[in-house]
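Written below as structure tokens is the structure these notes are about.
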Amino acid sequence: MNKDFQERIEEWKNFLFIYKFALDEINTKLTILNDEFQFVHQHNPIEHVKSRIKSPESIMSKLQRKGLEVTTENVEKHIKDIAGVRVTCSFTTDIYRIYDMIESQDDIKVINVKDYVKNPKPNGYKSLHLIVEIPVYLSKGPEYVKVEIQIRTIAMDFWASLEHKIYYKFEGEIPGNLSTELKEAADIVHYLDSKMIRIMEEVTEFKEHEKEAELEEMGV
Ligand code: 0O2
């Protein structure tokens with residue numbers, strides 16, 4: 001690694017610091033919303049939250065992929081996923097519940113939504129992507145920081161993690177037979193997600209009937 005490159009990375013580490021605060025704020029918010037939802041509805045929409053700051057190397061290569069010069073201005077303008085949060089949930093319906101909870105926060109501005117759940121990518125990728133802006137309160141006042149939030153089911157996440165690894169292993173050129181198998185696996189994920197919702201609905205219905213029968217027995 002040459003000195004210039006190393007110095008640049010050090011500079012960027014300072015520049016990236018604020019994104020960590022933004023992630024802390026989003027993570028706290030998600031924890032509170034999830035706990036409140038559990039308290040009110042006896043159901044946790046969020047299974048797991050993972051967050052990361054994009055590494056300087058990965059930011060540089062994304063800029064280069066986009067054909068842009070590596071400058072902090074270009075980073076701020078063109079790289080929207082420096083701070084990234086991945087939220088996994090059990091059911092497809094939870095994805096939109098989580099979206100609604102985020103969208104209804106006064107201090108969070110949703111600036112872009114890509115719905116790959118309703119409109120999956122040709123390779124089978126499914127996920128709801130949001131770019132949000134959240135204020136980080138520094139000593140000099142609030143700074144608005146962009147965070148990418150990806151929301152998907154556990155099954156979609158399982159598929160995406162493997163596909164991502166394969167994509168990098170083949171440097172973006174996944175051989176035809178593997179692409180076909182991945183697409184087949186994505187269809188199975190879709191089937192599994194639909195089946196899980198149906199099972200959950202049956203459970204809810206069963207429990208409601210059970211409750212009604214109990215009340216009837218008690219003469220209420
Ligand atoms: P990495 O290594 O995960 O960080 P943009 O960010 O808007 O300039 P893009 O690609 O149009 O670029 O945005 P999009 O479609 O919202 O995708 C952003 C991120 O979603 C990607 O980040 C991936 O993490 C994930 N993603 C998108 N498409 C796929 C896919 O087909 N398979 C998998 N496994 N993940 C996907 P990066 O920076 O490309 O990669």
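Just follow the structure's listing: the first ligand is 1, and inside any ligand the first atom is 1. The first residue in the sequence is number 1, and the count goes up from there. Just so it is clear, the structure is predicted and the values come from calculations on it, not from any experiment.
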Point to revise | Sequence-distant partners of Ile188, side chain to side chain contact (heavy atoms under 4.5 Å, CB included), two or more places apart | key: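 Ile188 satisfies side chain to side chain contact (heavy atoms under 4.5 Å, CB included) with no other residue.
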Practice item. Over 60° means perpendicular and under 30° means parallel, so classify the ring planes of Phe37 and His43, tilted if in between. Key: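 Aromatic pair His43/Phe37 classed perpendicular.
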Practice item. Can you tell me which residue pairs pass the ring pair (Phe, Tyr, Trp, His ring centres under 6.0 Å) test with a partner in residues 101-158, sequence neighbours excluded? Key: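 Non-adjacent pairs meeting ring pair (Phe, Tyr, Trp, His ring centres under 6.0 Å): Tyr116-Tyr125, Tyr116-His129, Tyr125-His129.
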Point to revise | Donor-acceptor contact present, side-chain Asp115 to main-chain Lys118, <3.5 Å | key: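 Side chain of Asp115 to backbone of Lys118: a pair is present.
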Practice item. Kindly say whether Leu182 contributes a backbone atom to a donor-acceptor pair with the side chain of Trp159 at under 3.5 angstrom? Key: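 A pair under 3.5 Å: yes.
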List, for ligand 1, each N/O atom that has a protein N/O partner under 3.5 Å away, with both atom names and the distance.
residue: ligand 1; atom: 2 (O); partner: His164; partner atom: NE2; Å: 3.2
residue: ligand 1; atom: 2 (O); partner: Tyr168; partner atom: OH; Å: 3.3
residue: ligand 1; atom: 3 (O); partner: His164; partner atom: NE2; Å: 3.1
residue: ligand 1; atom: 4 (O); partner: Lys54; partner atom: NZ; Å: 2.6
residue: ligand 1; atom: 6 (O); partner: Lys62; partner atom: NZ; Å: 2.8
residue: ligand 1; atom: 7 (O); partner: Lys114; partner atom: NZ; Å: 3.3
residue: ligand 1; atom: 8 (O); partner: Lys66; partner atom: NZ; Å: 2.5
residue: ligand 1; atom: 11 (O); partner: Lys114; partner atom: NZ; Å: 3.1
residue: ligand 1; atom: 13 (O); partner: Lys114; partner atom: NZ; Å: 3.1
residue: ligand 1; atom: 15 (O); partner: Tyr116; partner atom: OH; Å: 2.7
residue: ligand 1; atom: 16 (O); partner: Lys114; partner atom: NZ; Å: 3.3
residue: ligand 1; atom: 16 (O); partner: His129; partner atom: ND1; Å: 2.8
residue: ligand 1; atom: 20 (O); partner: Gln150; partner atom: NE2; Å: 3.1
residue: ligand 1; atom: 24 (O); partner: Gln150; partner atom: NE2; Å: 3.3
residue: ligand 1; atom: 28 (N); partner: Lys121; partner atom: NZ; Å: 2.8
residue: ligand 1; atom: 31 (O); partner: Asn123; partner atom: ND2; Å: 2.9
residue: ligand 1; atom: 32 (N); partner: Glu163; partner atom: OE1; Å: 2.7
residue: ligand 1; atom: 34 (N); partner: Ala160; partner atom: O; Å: 3.0
residue: ligand 1; atom: 34 (N); partner: Glu163; partner atom: OE1; Å: 2.9
residue: ligand 1; atom: 38 (O); partner: Lys54; partner atom: NZ; Å: 2.9
residue: ligand 1; atom: 38 (O); partner: Lys62; partner atom: NZ; Å: 2.9
residue: ligand 1; atom: 38 (O); partner: Asp81; partner atom: OD2; Å: 3.4

Point to revise | Residues in side chain to side chain donor-acceptor pair (under 3.5 Å) contact with Gln105, at least two apart in sequence or another chain | key: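 Listed in chain order: Lys29.
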